[in-house]
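Here is the structure we will look at.
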Amino acid sequence: MSEHICAQCARCQKTCCQETDIYVSPGDLRRIEQFTGRADFTEFRAASDPAYLEVDSDPLWQQCVFRDDGTKRVMKQRADGDCSFLGERGCSLPTEVRPLICRLYPFDYDADGIRDKLAGGCPTQLLAADQTLPQAIGMNRNDAERWHQMLYQEIQTEPATLAISCSSD
């Protein structure tokens, strides 16, 4: 059996589990707490890239995920920038417990749905000639569609601490 592409990626660059603000939805919070028995794995933090706050391609995301002070609930990181659940063999959380944005990556999306073009960041040069990135990481479009729907339902349940209402109307 060949080595998983995510393990290959980790040898040649920082991965999506490292140095990334991993948003944790209210549902993610409940699922991870239930699985781990812990509640100390998130914090509210400003976006590491201020330009992220200026992107207006997904108004629902901007309205629901960010609090008035510009912070959002994210996974705590270790001192080296790694996600607190990243282990030597990858994520220590089962797929159905991981944050929805982790499950969705590398699919790119907005409130309207999954986009045809994948998000950047993965070293696609490591793929076999006849392989797609979703195939290499064991993802399929049906799961991505389901997780996308869950994510947008969950972000609309964020606490009402925002100036703008979270609705898709």
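Computed from a predicted structure; not experimentally measured.
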statement: Here the gap from R73 atom CZ to D28 atom CG, rounded to the nearest 0.5 Å, amounts to 8.5 Å
message: Holding to side-chain hydrogen bond (donor to acceptor under 3.5 Å, both in side chains), I want the full list of residues that pass it with E33, two or more places apart in sequence or in another chain.
response: none
query: Which heavy atom of D80 sits nearest a heavy atom of D82, and at what distance?
result: OD1-N, 3.0 Å
- prompt: For the atom pair CD1 (I22) and CG (L100), what is the distance rounded to the nearest 0.5 Å?
  reply: 12.5 Å
query: Looking at SG of C83 and NZ of K76, how far apart are the two atoms once the value is rounded to the nearest 0.5 Å?
result: 12.5 Å
task: Group every Ile, Leu, Val, Met, Phe, Trp and Tyr by side-chain heavy-atom contacts under 4.5 Å, then state whether V24 and F66 land in the same group.
output: yes
query: How far apart are the closest heavy atoms of M75 and P99, and which atoms are they?
result: CE-CG, 3.5 Å
field: Partner of S25 by side chain to side chain contact (heavy atoms under 4.5 Å, CB included), out of Q153, M150, R31
entry: R31
message: Counting only heavy atoms not in Q34 (residues, nucleotides, ligands), do more than 12 fall under 6.0 Å from its CD?
response: no
statement: All heavy atoms of T157 vs all of P26, minimum pair found to be OG1-CG, 3.5 Å
field: Close side-chain approach of R103 to M139, heavy-atom, < 4.5 Å
entry: no
message: Under 4.0 Å between a side-chain nitrogen and a carboxylate oxygen: does that hold for R45 and D21?
response: yes
Partners meeting side chain to side chain contact (heavy atoms under 4.5 Å, CB included) with Y105 (sequence neighbours left out): C16, A119, C122
field: Pair F107 + W147: ring centers closer than 6.0 Å
entry: no
Salt-bridge contact E158-R67 (side-chain N to carboxylate O under 4.0 Å): no
query: Out of curiosity, N142 CG to I114 CD1, how far, rounded to the nearest 0.5 Å?
result: 11.0 Å
- request: First locate atom OH of Y109, then atom CD of Q149, and finally report the distance between them rounded to the nearest 0.5 Å.
  value: 14.5 Å
query: Rounded to the nearest 0.5 Å, how far apart are CZ of F85 and OG1 of T36?
result: 5.0 Å
Verdict with supporting geometry, Q77 and E43, side-chain contact (heavy atoms from CB on, under 4.5 Å): CA-CA 9 Å; Q77 296 171 317; E43 63 186 344; 5.7 Å; no
field: Closest non-hydrogen atom pair between L104 and L151, with its separation
entry: CD1-CD2, 3.8 Å
message: Quick one: does any side-chain atom of Q62 pair with a main-chain N or O of D58 as donor and acceptor, under 3.5 Å?
response: no
- request: May I ask you to decide if the ring planes of W61 and Y23 are parallel, tilted or perpendicular, using 30° and 60° as cut-offs?
  value: perpendicular
task: Using the rule that two of Ile, Leu, Val, Met, Phe, Trp, Tyr join whenever any of their side-chain heavy atoms come within less than 4.5 Å, decide whether L29 and F35 are in one cluster.
output: yes
message: Check this for me, if you would: do E154 and R30 make a salt bridge, where the nitrogen-to-carboxylate-oxygen distance has to be below 4.0 angstrom?
response: no
task: Kindly work out whether a path of hydrophobic side-chain contacts (I/L/V/M/F/W/Y, heavy atoms less than 4.5 Å apart) joins V74 to I32.
output: no
